[in-house]
Chemist: 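Below: one structure in structure tokens.
Below, chains carry the letters A, B, ... as their sequence lines are ordered, and counting in each starts from 1.
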Protein chains: 2
Amino acid sequence: MTAAQDLRARARADLVAAIKASAATQLASVGAAALSLRAVARDLGLASSALYRYFPSRDALLTALIVDAYDAVGAVAEQAEDAARTRGGSPGERWLAVCRAVRGWAVAHPHEYALVYGSPVPGYAAPADTVEPAVRLSRVMARVLLDAAGEGTLRVPARPLPGPRLVTPAVLEVVGGAPGAPYEDLLERSFVLLTALVGTTSYLLFGHLKEVLTDDDAWFDVAMAVAAEGVGLDLPLGPRTV
Amino acid sequence: MTAAQDLRARARADLVAAIKASAATQLASVGAAALSLRAVARDLGLASSALYRYFPSRDALLTALIVDAYDAVGAVAEQAEDAARTRGGSPGERWLAVCRAVRGWAVAHPHEYALVYGSPVPGYAAPADTVEPAVRLSRVMARVLLDAAGEGTLRVPARPLPGPRLVTPAVLEVVGGAPGAPYEDLLERSFVLLTALVGTTSYLLFGHLKEVLTDDDAWFDVAMAVAAEGVGLDLPLGPRTV
DNA sequence: CCACGGGCGAGAGCAGTGCTCTTGACGGGA
DNA sequence: TCCCGTCAAGAGCACTGCTCTCGCCCGTGG
């Protein structure tokens, strides 16, 4: 009974994986808008109706792909930061490594990137499964910044932000309380790093700066450095060394 | 002949405008993905095939809407900057006014915003008609920055960017040559103002910071200020005054 | 004055889509 | 042995973008 059910479950999981794999390849080639359930059914030699035993709708399949994409970018960021840290890199070098890794993944998987960081049809509510993977990138950034603050590498902002804190108590709890002086506004500033990263990546990927830059990669480094200056983090400048 | 042809042309232009208007309302309600030519035709009391006399394809209609959206955001930015300038605002205040205006337009027209600054299906090449409106926002930014540099309000960056210039000669020519000392890297830095603006706007609009911030509007101002610090522009801090 | 021709709208039709419903085959549990 | 849940298949619905052909109307040239 248990063995049989296990077999059933395993076969089912395998087919789910096969469907996602086929959908992912089709996604990579034609994009999300043109992802067709019937096409993946044809690819797998199934009837289109059979897919509905595994995914209740096309959007559900797309959501599964979104979760995978979030996980992929999170993993890429984490291992880039790990590698830079074991290499003995400074916080600035580590964050630059993360930025480059995320952008690298984005140019290698433009459709997947657009799926997670592109326009999500404003009426669409991201399913709860997506928030955990989405936090991974934030966690990487938090670790870099906290290390920098701990070792005193983080410059104190010239103009402290006035007014009340702007982050949710829940977020405050996750990071272990508000940072102490002189970094009271670190949280508010830090998210600028995030928006700069995905904003710049999107801007370049979506072609808004075509015919404007002579070297996208070099300028991306510059943009990350300029944005990081706003939070007091010094990224390495100059030609790529790694 | 001329009068008759004029009448024909006018009728045609009116119908084109009606089609675009209907498409725009549908776009605003259901989004670009669900924009249906047949629905537009039904709305106008036409046969769906009749629309093809005015737009060769659905994408062409969408492109027309994209151009309109670019124009709208460009106009909004221009008039916000004009108003702030005639009000006697500093360059920082003027740029903040532009940022707020663009974001205000984005939240008022999320689908249109997503159309121009969201994911453009990476295989898609923006038609040439879109580059001129797209430059309007850049021009507004350039004017603010050049004014700031001219009046000496622009802080000199602490860490000058090394290496060769990264902007195209064509861009250099448009802005009237490379800026002089000590602002040699102003061009390279300035574009992060742009990516910060649309990156932050998208990030907020697309819900990536939901449940993270207590006050989106206030944090948006902070984010713009932090990003502007990287280019040496001081935005006003504190509660909204205007 | 009249026939021609070009722009116009309507309709039918094609190939494709997401999704639902019903039907029939298979195999393990009672 | 029978039964029942699981599965895949097929037909079908409503819809899409798009094409083609058909008549209509109106202004123009002969």
Chemist: Working to the nearest 0.5 Å, report the span between CG of A:L213 and CG of B:L166.
Modeler: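 Taking CG in A:L213 and CG in B:L166, the distance rounds to 7.0 Å.
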
Chemist: Whole Å only: how far is the CG atom of B:L37 from the C1' atom of D:dT19?
Modeler: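 Taking atom C1' of D:dT19 as the reference, CG of B:L37 is at 13 Å.
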
Chemist: Using atom CG of B:L51 as one end and atom P of D:dT19 as the other, report the distance to the nearest whole Å.
Modeler: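 Atom CG in B:L51 sits about 13 Å away from atom P in D:dT19.
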
Chemist: Hey, does A:L44 reach any base, or is it just sugar-phosphate, or nothing, if we go heavy atoms under 4.0 Å?
Modeler: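 Nothing, no nucleic acid heavy atom in range.
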
Chemist: So if I take every side-chain heavy atom of A:R38 and compare against C:dC19, D:dT16, D:dA9, which nucleotide ends up nearest?
Modeler: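 Of C:dC19, D:dT16, D:dA9, C:dC19 is nearest to the side chain of A:R38.
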
Chemist: Take atom CG of A:L61 and atom P of C:dC19, then tell me their distance rounded to the nearest Å.
Modeler: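 Checked: the CG to P distance equals 10 Å.
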
Chemist: Between C1' on C:dC19 and CZ on A:F55, what's the gap in Å once rounded to a whole number?
Modeler: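 In whole Å, C:dC19 C1' and A:F55 CZ are 16 Å from each other.
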
Chemist: Among residues at least two apart in sequence or on other chains, which ones pass ring pair (Phe, Tyr, Trp, His ring centres under 6.0 Å) with B:W105?
Modeler: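 Ring pair (Phe, Tyr, Trp, His ring centres under 6.0 Å) list for B:W105, sorted by chain: B:H109.
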
Chemist: Choosing from C:dT17, D:dC18, C:dA10, which nucleotide comes nearest the side chain of B:R58?
Modeler: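 Selected nucleotide: D:dC18.
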
Chemist: Could I get the full list of side chain to side chain donor-acceptor pair (under 3.5 Å) partners for B:R189, not counting sequence neighbours?
Modeler: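 Listed in chain order: A:E229, B:D185.
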
Chemist: Quick one: list whatever passes ring pair (Phe, Tyr, Trp, His ring centres under 6.0 Å) with A:H208, sequence neighbours left out.
Modeler: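 Ring pair (Phe, Tyr, Trp, His ring centres under 6.0 Å) check on A:H208 returns A:Y203, B:Y117.
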
Chemist: So, under a plain 3.5 Å distance rule, would you say the side chain of B:S49 forms a donor-acceptor pair with the base of C:dG9?
Modeler: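 No.
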
Chemist: Write down the distance between CD1 (B:I19) and P (D:dG17), rounded to a whole number of angstrom.
Modeler: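 For the pair B:I19 CD1 and D:dG17 P, the rounded distance is 13 Å.
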
Chemist: Can you work out whether A:P56 or A:R42 has the more 5'-proximal nearest nucleotide on DNA chain C?
Modeler: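 In this pair, the answer is A:R42.
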
Chemist: Measure from the side-chain heavy atoms of B:Y52 and tell me the nearest of D:dT19, D:dG12, D:dA9.
Modeler: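 Nearest to the side chain of B:Y52 among the choices is D:dT19.
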
Chemist: To the side chain of B:S36, which of C:dA10, D:dG17, D:dA8 is closest?
Modeler: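 Between C:dA10, D:dG17, D:dA8, the one nearest the side chain of B:S36 would be D:dG17.
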
Chemist: Looking at residues at least two apart in the chain, or sitting in another chain, which of them share a side-chain contact (heavy atoms from CB on, under 4.5 Å) with A:V40?
Modeler: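 A:V40: side-chain contact (heavy atoms from CB on, under 4.5 Å) contacts with A:S22, A:A23, A:Q26, A:L35, A:L51.
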
Chemist: With rounding to the nearest 0.5 angstrom, report the CG to SG distance, B:L193 to B:C99.
Modeler: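 Atom-to-atom, B:L193:CG and B:C99:SG are 6.5 Å apart.
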
Chemist: Please identify each residue that fulfils side-chain contact (heavy atoms from CB on, under 4.5 Å) with B:A225, with sequence neighbours left out.
Modeler: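 With sequence neighbours excluded, B:A225 shows a side-chain contact (heavy atoms from CB on, under 4.5 Å) to B:L235, B:L237, given in chain and number order.
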
Chemist: Reckon A:L35 touches a base, only the sugar-phosphate, or nothing at all at heavy-atom distances under 4.0 Å?
Modeler: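 If one applies the 4.0 Å heavy-atom cut-off, A:L35 turns out to touch the sugar-phosphate alone, with no base involved.
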
Chemist: Pick out the pairs of N or O atoms, protein on one side and nucleotides 5-8 of chain C on the other, that lie under 3.5 Å.
Modeler:
{"from": "C:dC8", "atom 1": "OP1", "to": "B:R12", "atom 2": "NH1", "distance (Å)": "3.4"}
{"from": "C:dC8", "atom 1": "OP2", "to": "B:R12", "atom 2": "NH1", "distance (Å)": "2.8"}

